[in-house]
Peer 1: 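I am attaching a structure below and will ask some questions about it afterwards.
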Amino acid sequence: YTKNGDIVIAGLDVPSKAIRLQRIDPQGTVLHDRIALDDVKWSTDSDLKLAAGGDAIALTWHGLRANKLVRQLVMLGPDLTKKGDPTEVASAYCATKDGVWYANDTFATTRNWSGDKARFPLPKDKDSSLYCAAHRAFGVIEEEEKTSILPLALSAGAPLVMMKEGAFGEDDQRELS
């Protein structure tokens with residue numbers, strides 16, 4: 001849902017080999033009908049996600065595009081037109097009310113709903129995940145002896161230890177994260 005109650009839907013349009021979006025108002029009228037990505041094909045690990053912030057939309061596609069396996073993010077305006085070219089993103093992805101977040105092994109990147117980007121370093125040589133709350137994103141850093149959380153912001157500081165290995169006896173901390 002967008003801020004004014006419109007619904008945005010996306011799906012794989014198999015005959016045209018495209019990801020198609022429609023924006024529909026609360027009365028059921030199609031306001032916009034656009035293609036976000038072309039030259040796509042379904043595969044067993046295809047995944048399509050939408051996130052809305054105000055009137056902006058973020059679409060991620062993990063699947064075949066131009067016969068290559070991709071994971072791409074497309075930012076769209078209120079009329080579903082693209083705000084720039086698709087961006088390659090890692091599997092760690094989430095959205096807040098302020099923007100979209102994605103991470104790889106070394107950085108977390110945010111694109112706010114107007115399209116501006118910022119990058120935040122993640123601890124090197126550590127297993128990290130990405131989690132979003134309403135307005136903030138966090139890196140969850142899993143190490144052999146502890147799990148820490150890193151608020152992702154301009155002045156984030158060091159990761160905060162959330163759980164140490166021995167805190168739950170014999171339970172595997174990765175199952176508890």
Side-chain angles (χ1 to χ4, degrees), residues 1-122 128-140 150-154:
Y1 287 98
T2 62
K3 70 180 179 182
N4 66 349
D6 293 348
I7 297 171
V8 177
I9 60 171
L12 176 60
D13 183 348
V14 175
S16 66
K17 297 181 180 180
I19 302 295
R20 180 176 297 281
L21 289 103
Q22 289 186 337
R23 185 175 183 143
I24 303 167
D25 71 14
Q27 291 73 39
T29 304
V30 175
L31 302 173
H32 304 287
D33 184 337
R34 304 256 193 264
I35 291 178
L37 291 171
D38 58 2
D39 200 13
V40 297
K41 292 181 187 172
W42 181 86
S43 65
T44 55
D45 58 352
S46 293
D47 186 36
L48 177 63
K49 293 182 183 175
L50 284 178
D55 280 330
I57 305 293
L59 175 139
T60 54
W61 167 251
H62 177 227
L64 294 173
R65 184 162 190 229
N67 292 319
K68 295 178 186 171
L69 187 60
V70 299
R71 186 179 314 268
Q72 294 182 325
L73 167 70
V74 179
M75 299 295 285
L76 306 148
D79 62 354
L80 304 181
T81 57
K82 293 182 218 174
K83 293 180 171 182
D85 292 330
T87 302
E88 292 293 326
V89 296
S91 60
Y93 161 86
C94 61
T96 69
K97 291 181 179 183
D98 304 313
V100 177
W101 288 83
Y102 49 96
N104 59 25
D105 293 335
T106 56
F107 286 95
T109 304
T110 182
R111 284 185 73 174
N112 66 24
W113 293 113
S114 64
D116 296 333
K117 275 186 178 180
R119 290 177 56 171
F120 302 91
L122 294 172
S128 33
S129 305
L130 185 64
Y131 292 94
C132 285
H135 291 280
R136 301 223 27 209
F138 302 88
V140 177
L150 176 64
L152 298 172
L154 294 176

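Everything numeric in this text was worked out from a predicted model, so none of it was measured.
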Peer 1: Salt-bridged, R23 to D79, with N to O below 4.0 Å?
Peer 2: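 Salt bridge: no.
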
Peer 1: Could you tell me whether the side chain of D6 reaches within less than 4.5 Å of the side chain of P26, counting heavy atoms only?
Peer 2: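 Touching, per the 4.5 Å side-chain cut-off.
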
Peer 1: Count the heavy atoms belonging to other residues, nucleotides or ligands that lie under 6.0 Å from NZ of K17, then report whether that count exceeds 12.
Peer 2: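 Open.
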
Peer 1: Return yes if some donor-acceptor pair links the side-chain N/O of K83 with the main-chain N/O of W113 below 3.5 Å, else return no.
Peer 2: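 Yes, the answer is positive, given that a donor and an acceptor are paired below the 3.5 Å cut-off.
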
Peer 1: How far does OH of Y102 sit from OG1 of T109, to the nearest 0.5 angstrom?
Peer 2: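 Going from the OH atom of Y102 to the OG1 atom of T109 covers 5.0 Å.
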
Peer 1: Side chains of R136 and P151: does their closest heavy-atom pair fall under 4.5 Å?
Peer 2: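 When only atoms from C-beta onward are counted, P151 and R136 do touch, with a gap below 4.5 Å.
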
Peer 1: Do you know which two heavy atoms are closest between G63 and S43, and how far apart they sit?
Peer 2: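 The answer is CA-OG, 4.3 Å.
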
Peer 1: Quick check against the 3.5 Å criterion: does T60 have a side-chain atom that pairs as donor or acceptor with the backbone of Q72?
Peer 2: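 No, the answer is negative, given that no donor and acceptor are paired below the 3.5 Å cut-off.
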
Peer 1: Rounded to the nearest 0.5 Å, how far does CD1 of I35 lie from CG of D13?
Peer 2: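 The distance works out to 6.5 Å.
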
Peer 1: Could you check whether any side-chain heavy atom of L80 comes within less than 4.5 Å of a side-chain heavy atom of I57, counting everything from C-beta outward?
Peer 2: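 Of all side-chain heavy-atom pairs linking I57 with L80, at least one is under 4.5 Å.
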
Peer 1: Return the NZ to SG distance between K49 and C94, rounded to the nearest 0.5 Å.
Peer 2: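 Nearest 0.5 Å value for the NZ-SG distance: 9.5 Å.
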
Peer 1: Please check: side-chain N/O of R34 versus main-chain N/O of R20, any donor-acceptor pairing under 3.5 Å?
Peer 2: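 No.
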
Peer 1: What I'd like to find out is whether the side chain of L152 reaches to under 4.5 Å of the side chain of L122, using heavy atoms alone.
Peer 2: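 Yes, side chains in contact.
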
Peer 1: Can you confirm whether or not the ring centre of W101 sits under 6.0 Å from the ring centre of F138?
Peer 2: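 No, too far apart.
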
Peer 1: Short question: side chain of K82, backbone of M75 - any donor-acceptor pair under 3.5 Å?
Peer 2: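 Here the side-chain-to-backbone pair does not exist.
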
Peer 1: Check the pair L12, V40 against side chain to side chain contact (heavy atoms under 4.5 Å, CB included), reporting the backbone distance first and the verdict last.
Peer 2: CA-CA 8 Å; L12 176 60; V40 297; 3.4 Å; yes

Peer 1: What's the spacing between L21 CG and I9 CD1 if we round to 0.5 Å?
Peer 2: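 Result: 8.5 Å between the selected atoms.
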
Peer 1: Quick one, W61 and V70 - any side-chain contact, counting heavy atoms below 4.5 Å?
Peer 2: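 Yes; the side chains approach each other to less than 4.5 Å.
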
Peer 1: I'd like to know if the side chain of T96 and the backbone of D98 have a donor-acceptor N/O pair within less than 3.5 Å.
Peer 2: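 Indeed, once roles are kept as given, a pair shorter than 3.5 Å links the two residues.
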
Peer 1: For the pair V8 and L50, evaluate side chain to side chain contact (heavy atoms under 4.5 Å, CB included) and give the outcome as yes or no after the intermediate values.
Peer 2: CA-CA 8 Å; V8 177; L50 284 178; 4.1 Å; yes

Peer 1: Starting at CG of L73, measure out to CG of D85 and round the result to the nearest 0.5 Å.
Peer 2: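 Going from CG on L73 over to CG on D85, the span is 12.0 Å.
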
Peer 1: Can you tell if the side chain of T110 reaches within under 4.5 Å of the side chain of R119, non-hydrogen atoms only?
Peer 2: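 A side-chain contact under 4.5 Å is absent here.
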
Peer 1: For the residue pair L59 and A36, what are the closest heavy atoms and their distance?
Peer 2: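 Looking at all heavy atoms of both residues, the shortest contact is CD1-CB, 4.3 Å.
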
Peer 1: Nearest 0.5 Å, please: how far is CG in D33 from CD in Q22?
Peer 2: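 If we round to the nearest 0.5 Å, Q22:CD and D33:CG are 4.5 Å apart.
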
Peer 1: For the residue pair T81 and L76, establish whether any side-chain heavy-atom pair is separated by less than 4.5 Å.
Peer 2: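 In short, these two side chains do not touch, never coming nearer than 4.5 Å.
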
Peer 1: Does the side chain of K41 pick up a donor-acceptor pair with the side chain of N67 at under 3.5 Å?
Peer 2: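 Distance-only check passes for K41 and N67.
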
Peer 1: When you compare the side chain of L31 with that of I24, does any pair of heavy atoms fall below 4.5 Å?
Peer 2: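 No; the side chains remain at least 4.5 Å from each other.
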
Peer 1: Give me the atom names and distance for the closest heavy-atom approach of A51 to A95.
Peer 2: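 Heavy atoms only, the tightest pair is CB-CB, 3.7 Å.
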
Peer 1: Nearest heavy-atom pair of L37 and P86: which atoms, and what distance?
Peer 2: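 The answer is CD2-CG, 3.6 Å.
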
Peer 1: Step by step, work out the side chain to side chain donor-acceptor pair (under 3.5 Å) result for T87 and R111.
Peer 2: CA-CA 11 Å; T87 302; R111 284 185 73 174; 3.0 Å; yes

